[in-house]
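What follows is one structure encoded as structure tokens, with my remarks underneath.
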Amino acid sequence: MINIALQGAEFFAYHGFYPEEQKIGCRFLVDVNVGFVPPGDLLEDDLNKTVDYERVYIIVCEEMKHPRKLIETVGRAIIDRVKKKYPFVESIEVTIKKLTPPLSGKVAHSAVIINYKKS
């Protein structure tokens, strides 16, 4: 099993349940971990036989641009697109952190962690 990871990809986006969150936006950090068994011999040095973390980053960027009420929905969309692009993946974990969420006290971040395991 091989794992690729993106850690701390930072975005300014307009996700949030409350209308003001969708107007003023917020900073988010996204981590993605993908576990897979390569569909061929990696000694061939072929990008098509691995998970391209640049492509995963592009997927995350595209999904973060679509405002949603729940960051759970964003995470699920990222997982679905990675699975579609790389059907040989065995596991995916997406963590989305909303930095300084609009709460009544000081909070560094709120987060959602979504896991996928191929059955």
Side-chain angles (χ1 to χ4, degrees):
M1 176 87 76
I2 294 174
N3 288 289
I4 67 106
L6 296 175
Q7 299 292 311
E10 190 168 339
F11 301 92
F12 190 87
Y14 298 89
H15 308 300
F17 182 76
Y18 299 105
E20 58 270 15
E21 291 179 289
Q22 295 175 10
K23 286 181 183 176
I24 62 172
C26 188
R27 287 182 31 233
F28 294 84
L29 293 178
V30 180
D31 301 334
V32 181
N33 295 293
V34 181
F36 63 99
V37 175
D41 184 0
L42 281 180
L43 294 177
E44 295 174 17
D45 215 18
D46 185 352
L47 190 58
N48 294 316
K49 295 187 179 171
T50 189
V51 174
D52 179 357
Y53 57 80
E54 181 178 17
R55 182 66 203 149
V56 172
Y57 178 77
I58 290 168
I59 289 170
V60 173
C61 287
E62 290 171 354
E63 291 304 325
M64 290 300 289
K65 288 179 184 176
H66 299 290
R68 294 182 176 93
K69 288 184 178 181
L70 300 175
I71 56 177
E72 292 89 328
T73 309
V74 181
R76 188 74 234 180
I78 292 167
I79 287 173
D80 289 344
R81 288 195 53 199
V82 171
K83 283 176 17 186
K84 185 175 180 181
K85 176 73 177 161
Y86 302 103
F88 55 88
V89 300
E90 299 288 327
S91 64
I92 306 168
E93 179 177 272
V94 174
T95 302
I96 302 175
K97 298 174 184 173
K98 179 183 274 190
L99 303 179
T100 58
L103 299 172
S104 61
K106 183 177 178 178
V107 175
H109 68 269
S110 58
V112 63
I113 301 168
I114 302 174
N115 288 287
Y116 160 77
K117 285 251 190 229
K118 192 176 214 176
S119 48

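Residue numbers count from 1 along this sequence.
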For [X] versus [Y], what's the shortest heavy-atom pair and its separation?
X	Y	result
P38	I2	CG-CD1, 3.5 Å
F11	C61	CE2-SG, 3.5 Å
P101	V107	CD-O, 3.5 Å
Y86	T50	CE2-O, 3.6 Å
F28	A13	CE1-O, 3.7 Å

Rounded distance [0.5 Å steps], [atom1] in [X] versus [atom2] in [Y]:
X	Y	atom1	atom2	value
R55	I4	CZ	CD1	12.5 Å
E90	I92	CD	CD1	10.5 Å
I96	I114	CD1	CD1	6.0 Å
L29	L99	CG	CG	4.5 Å
H15	I71	NE2	CD1	8.5 Å
T95	N33	OG1	CG	7.0 Å

* To do: For the pair D80 and R76, find out whether any cationic side-chain nitrogen is under 4.0 Å from an anionic carboxylate oxygen.
  => yes

Is [X] atom [atom1] crowded by more than 12 heavy atoms from other residues, nucleotides or ligands, each under 6.0 Å away?
X	atom1	result
K118	NZ	yes
Q7	CD	yes
R27	CZ	no
F12	CZ	yes

For residues [X] and [Y]: do they belong to one hydrophobic cluster (side chain heavy atoms under 4.5 Å, members Ile, Leu, Val, Met, Phe, Trp, Tyr)?
X	Y	value
V34	I58	no
V82	Y57	yes
I113	V94	no
V74	L6	yes

* To do: Determine whether D31 and K97 make a side-chain contact, defined as any pair of heavy atoms from C-beta on separated by less than 4.5 Å.
  => yes

* Kindly indicate, with the supporting measurements, whether the criterion ring-ring contact (aromatic ring centres under 6.0 Å, His included) is fulfilled by F88 and F36. => CA-CA 6 Å; F88 55 88; F36 63 99; 5.8 Å; yes

* Mark yes or no for whether Q22, through its side chain, and G16, through its backbone, hold a donor-acceptor pair below 3.5 Å. => yes

* **Positive for salt bridge (charged side-chain N to carboxylate O under 4.0 Å, His left out) with K98, one of E21, E10, E72** => E21

